[in-house]
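Working notes for the structure below.
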Amino acid sequence: MSDRTPALDAVHGMLTLLFAGVTLHVLWHAVRSPGAGRRDRVDLVLHCAMAAAMAAMPWSYGPPLSGRAATVFFTAAALWFLLTARKAVVFADRLTPAVGMAAMAWMSRTSPGTAASETVAAAGVPAAHHTAAHGHAAASTTATLVTVALTVYLLGCALRSLTRPMPALRTVTDHAHRAAATNPYGHVRDGAMALGTAVMLLLPH
């Protein structure tokens with residue numbers, strides 16, 4: 001790819017190591033939780049699939065990590081996390097992985113710029129060229145807004161997850177965060193996943 005540079009490859013390499021670590025942690029957690037319920041098992045499979053796909057995505061030049069199949073799969077995964085929440089509190093907890101899956105679906109989609117360029121090339125007339133260019137500009141603006149919204153949300157989730165195991169940063173009366181401090185690994189994993197996904201959204205891939 002023409003836009004690859006040593007610096008970009010270094011960043012991609014670090015992200016690959018991060019996502020590979022997340023994948024291993026999810027597998028380790030699955031092995032240590034043989035009695036998990038059906039929903040928890042599906043959650044672990046989806047987390048593992050996303051982490052593995054994210055680890056490979058920087059080095060993938062085409063299917064199966066991009067295109068319609070991956071977009072449909074990760075869109076369905078995002079819906080799974082939302083539709084299997086039984087309570088409002090559970091919904092809030094499952095919103096972060098749902099947004100992460102949606103971000104993966106967004107990154108794996110076919111670039112609208114490619115279709116627009118093909119339309120312009122096939123038209124061969126100035127009027128068609130102008131219409132296609134205008135449509136491409138609107139699509140590009142929408143894509144930028146969606147990317148920014150996903151990135152900001154995931155960065156916020158990463159900050160929340162990565163600081164949760166640190167009692168000194170929060171009030172000691174917060175029982176949920178005190179409990180998290182005794183077993184921070186899941187929160188660290190989720191925070192690292194959200195942070196890595198946010199960075200991937202901003203990088204060429």
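Note that this is a predicted model, so its numbers are computed, not measured.
- When hydrophobic residues (I, L, V, M, F, W, Y) are linked wherever their side-chain heavy atoms come within less than 4.5 Å, V72 remains an isolated member.
- Side-chain contact between R68 and F73: absent, with no pair of heavy atoms (C-beta onward) separated by less than 4.5 Å.
- Hydrophobic cluster of L79: the remaining members, joined at side-chain heavy-atom separations below 4.5 Å, are L83, listed by chain and number.
- Hydrophobic clustering, with ILVMFWY side chains joined whenever heavy atoms are under 4.5 angstrom apart, groups L203 together with M193.
- M14 and V199 end up in the same hydrophobic cluster when Ile, Leu, Val, Met, Phe, Trp and Tyr side chains are linked at under 4.5 Å.
- Clustering ILVMFWY residues whenever any of their side-chain heavy atoms sit less than 4.5 angstrom apart, transitively, puts L44 in the very cluster that holds M104.
- Proximity of M54 to T197: side-chain heavy atoms (C-beta onward) are separated by under 4.5 Å at one or more points.
- The two residues L46 and M101 come nearest to each other via the heavy atoms O-CE, 3.3 Å.
- L24 and M50 are assigned to two separate hydrophobic clusters, defined by single-linkage of ILVMFWY side chains at heavy-atom distances under 4.5 Å.
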Please assess L95 against V99 for the test side chain to side chain contact (heavy atoms under 4.5 Å, CB included), listing each intermediate value before the final yes or no. CA-CA 6 Å; L95 183 59; V99 173; 4.2 Å; yes
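- The ring of H12 has its center no closer than 6.0 angstrom to the ring center of F19.
- Heavy-atom minimum distance, A143 versus R109: CB-NH2, 3.8 Å.
- The stretch residues 82-107 participates, sequence neighbours left out, in these salt bridge (charged side-chain N to carboxylate O under 4.0 Å, His left out) pairs: D43-R94.
- Taking each heavy atom of T16 and A55 in turn, the nearest pair found is OG1-O, 3.1 Å.
- In this structure, the side chains of L195 and L154 stay at 4.5 Å or more apart for every pair of heavy atoms.
- For the pair V188/S161, no side-chain contact is recorded, criterion being any heavy-atom separation below 4.5 Å from C-beta on.
- For the pair S108 (side chain) and A105 (backbone), a donor-acceptor distance under 3.5 Å is present.
- Between W28 and H25, the two ring planes are tilted [angle within 30° to 60°].
- The line from NE2 of H187 to CG of L162 is 11.0 Å long, rounded to the nearest 0.5 Å.
- Taking each heavy atom of A192 and L18 in turn, the nearest pair found is O-CD2, 3.5 Å.
- Between A78 and A98 the shortest heavy-atom distance is CB-O, 3.4 Å.
- A salt bridge (charged side-chain N to carboxylate O under 4.0 Å, His left out) check over residues 9-23, counting only residues at least two apart or in different chains, returns the pairs R4-D9.
- For residues 146-159, the side chain to side chain donor-acceptor pair (under 3.5 Å) pairs, not counting sequence neighbours, are W106-T147.
- Within the structure, the salt bridge (charged side-chain N to carboxylate O under 4.0 Å, His left out) test picks out no pair touching residues 143-154 (sequence neighbours left out).
- Considering every non-hydrogen atom in both V22 and A51, the closest pair reads CG1-CB, 3.8 Å.
- Put simply, CG on D40 and CZ on R38 are 10.5 Å apart, with the number rounded to the nearest 0.5 Å.
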